Amino acid sequence: MSSQSVEWSVLESIHPTICISNEDAIVTLLVPVELGIEHPVHIFHVPHDTYLVASSFSVSTDVPSHSASLSVLPPLHFRIALPPTYPTHAPPIIQSLRATSAWLPPPTLSFIKERMATMWSPGDDSGVLYTWVEWIRTGDFLAEVGLLGDDRHSIQIPHPSPQLLLTPLHAYASLSKSDEFAHTSYLCAICLSERKGVHCLALSCGHVFCRSCLVDMWGLHVKEGQVSRVGCPEPNCGKTDAEDADGLREATEDEASAVLSENELDRWKWLRRKRDLERDPTMIHCPMEYCQEPVPKPESDASRVDVSDEDESGWARLRTCTACDYSFCAFCTGLTLLPTPSHFQIHLRLPLSSARFPRTPCYRTPIWS
Ligand SMILES: [Zn+2]
Ligand SMILES: [Zn+2]
Ligand SMILES: [Zn+2]
Ligand SMILES: [Zn+2]
């Protein structure tokens, strides 16, 4: 048995619910933060630009308006590549890291990746995965990433829309009496067999299915391009009587990323964008990962348009999400976007004086140039 498979089987026996898969030298881990006792969690507001790029967040002196008392925080989802010479001669490579419900800001996730890379040392053939898992699971990382309050007990989470984050944090906490879930049996409505929770996935609607059933079913639908079939298989889930009884409640991005492979996930996102565009060519999903709300083309508002040809005006490209208040360029959607001054003038054709955006680099060149 190779050191890699020894490491994996040990980790799997300790943390069966965390070890999701190990295929073709790609390991998938879903690591919840289990604090043991309840901690006060304060979600404080930061502007979008700070949320996306700041390396540290200063807590505003205002009383945080969104607080909860929680003993668990939603899992971090790791996809990790193990090079053939891991663990002795090469470090594992974190291919992707997501926080369920996007509860951690992107710069914090980057910091976590960098910090984890320093935990591996050459020559140690026992592997680093257990250390990684424990650093996250026990919440030890919270202090290092600067989310622990001065009292070393409360947790401070920066977020552009605190009220949007509070709901999934509560939902996860109530669902995840995780031991309880792992040892309870559930009847899977796909294969009609009883499985222990450890082999299952609870969707955000509360319906529970075998993980392997969902992997097969959703994988097939993604392959066949049936994006509307990637959803909760429970009949009528999330539907009111008025709605199309055939349609499924579609999977959220968190659900899809917990089930689909990286390639399937990319294809699913692409299919979904394509479908939405076909339905309504002016509809765009909010590019903020935690939000994803549909943002329709704004009603033309003559008072704001300062370019004579309305269709060509920059304002038509500027969208503001009503759910989270993020403003973005409709031409660059689908990515995390921070327009530069020149972007502001070229894509949006707006006078620079009207810029509400931070002057930080745009991450991608426009498709049409
Ligand atoms: Zn099943
Ligand atoms: Zn459901
Ligand atoms: Zn939004
Ligand atoms: Zn743009």
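No experiment lies behind these values; they were computed from the predicted model shown. Below, all heavy atoms of this structure are taken into account, side chains as well, without hydrogens, waters or symmetry copies. Counting starts at 1 for both ligands and their atoms, in listed order.
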Chemist: At a cut-off of 2.8 Å, what protein N/O/S atoms sit near the Zn ion (ligand 2)?
Modeler: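 Listed by chain and number, the nearby protein N, O or S atoms are Cys205 SG, His207 ND1, Cys232 SG, Cys237 SG.
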
Chemist: Is the positively charged end of Arg115 above the ring of Trp135, judged by distance under 6.0 angstrom from the centroid and angle within 45° of the axis?
Modeler: yes

Chemist: Could you tell me whether the side chain of Glu12 and the main chain of Ser9 form a donor-acceptor pair under 3.5 Å?
Modeler: no

Chemist: Clusters formed by hydrophobic residues whose side-chain heavy atoms approach within less than 4.5 Å: which one holds Ile20, and what are its other members?
Modeler: Leu30

Chemist: Could you tell me whether Asp151 atom CG has more than 12 heavy atoms of other residues or ligands within 6.0 Å of it?
Modeler: yes

Chemist: Roughly how far, to the nearest 0.5 Å, is CZ of Arg249 from CD of Glu255?
Modeler: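 Rounded to the nearest 0.5 Å, the CD-CZ separation comes out at 4.5 Å.
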
Chemist: Without swapping roles, check the side chain of Gln4 against the backbone of Pro83 for a donor-acceptor pair under 3.5 Å.
Modeler: yes

Chemist: Any donor-acceptor pair under 3.5 Å linking the side chain of Thr108 with the backbone of Leu104?
Modeler: no

Chemist: Using 0.5 Å steps for rounding, measure from the CG atom of Leu76 to the CG atom of Leu29.
Modeler: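 If we round to the nearest 0.5 Å, Leu76:CG and Leu29:CG are 10.5 Å apart.
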
Chemist: Exactly one of Arg229, Arg275, Arg272 should register a salt bridge (Lys or Arg N to Asp or Glu O under 4.0 Å) with Glu250. Which one does?
Modeler: Arg275

Chemist: With 2.8 Å as the threshold, which protein atoms of type N, O or S lie near the Zn ion (ligand 3)? Leave waters out.
Modeler: Cys286 SG, Cys291 SG, Cys321 SG, Cys324 SG

Chemist: Enumerate the protein N/O/S atoms at a distance below 2.8 Å from the Zn ion (ligand 1), ignoring waters.
Modeler: Cys188 SG, Cys191 SG, Cys210 SG, Cys213 SG

Chemist: Whether the side chain of His221 engages the backbone of Gln226 through a donor-acceptor N/O pair (distance < 3.5 Å, no angle test) should be reported.
Modeler: no

Chemist: Without swapping roles, check the side chain of Trp218 against the backbone of Gly231 for a donor-acceptor pair under 3.5 Å.
Modeler: yes

Chemist: Could you state the interatomic distance from CG (Leu265) to CD (Glu253), rounded to the nearest 0.5 Å?
Modeler: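 Separation between the atoms: 6.5 Å.
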
Chemist: Is it true that a side-chain atom of Gln156 and a backbone atom of Val41 form a donor plus acceptor pair closer than 3.5 Å?
Modeler: no

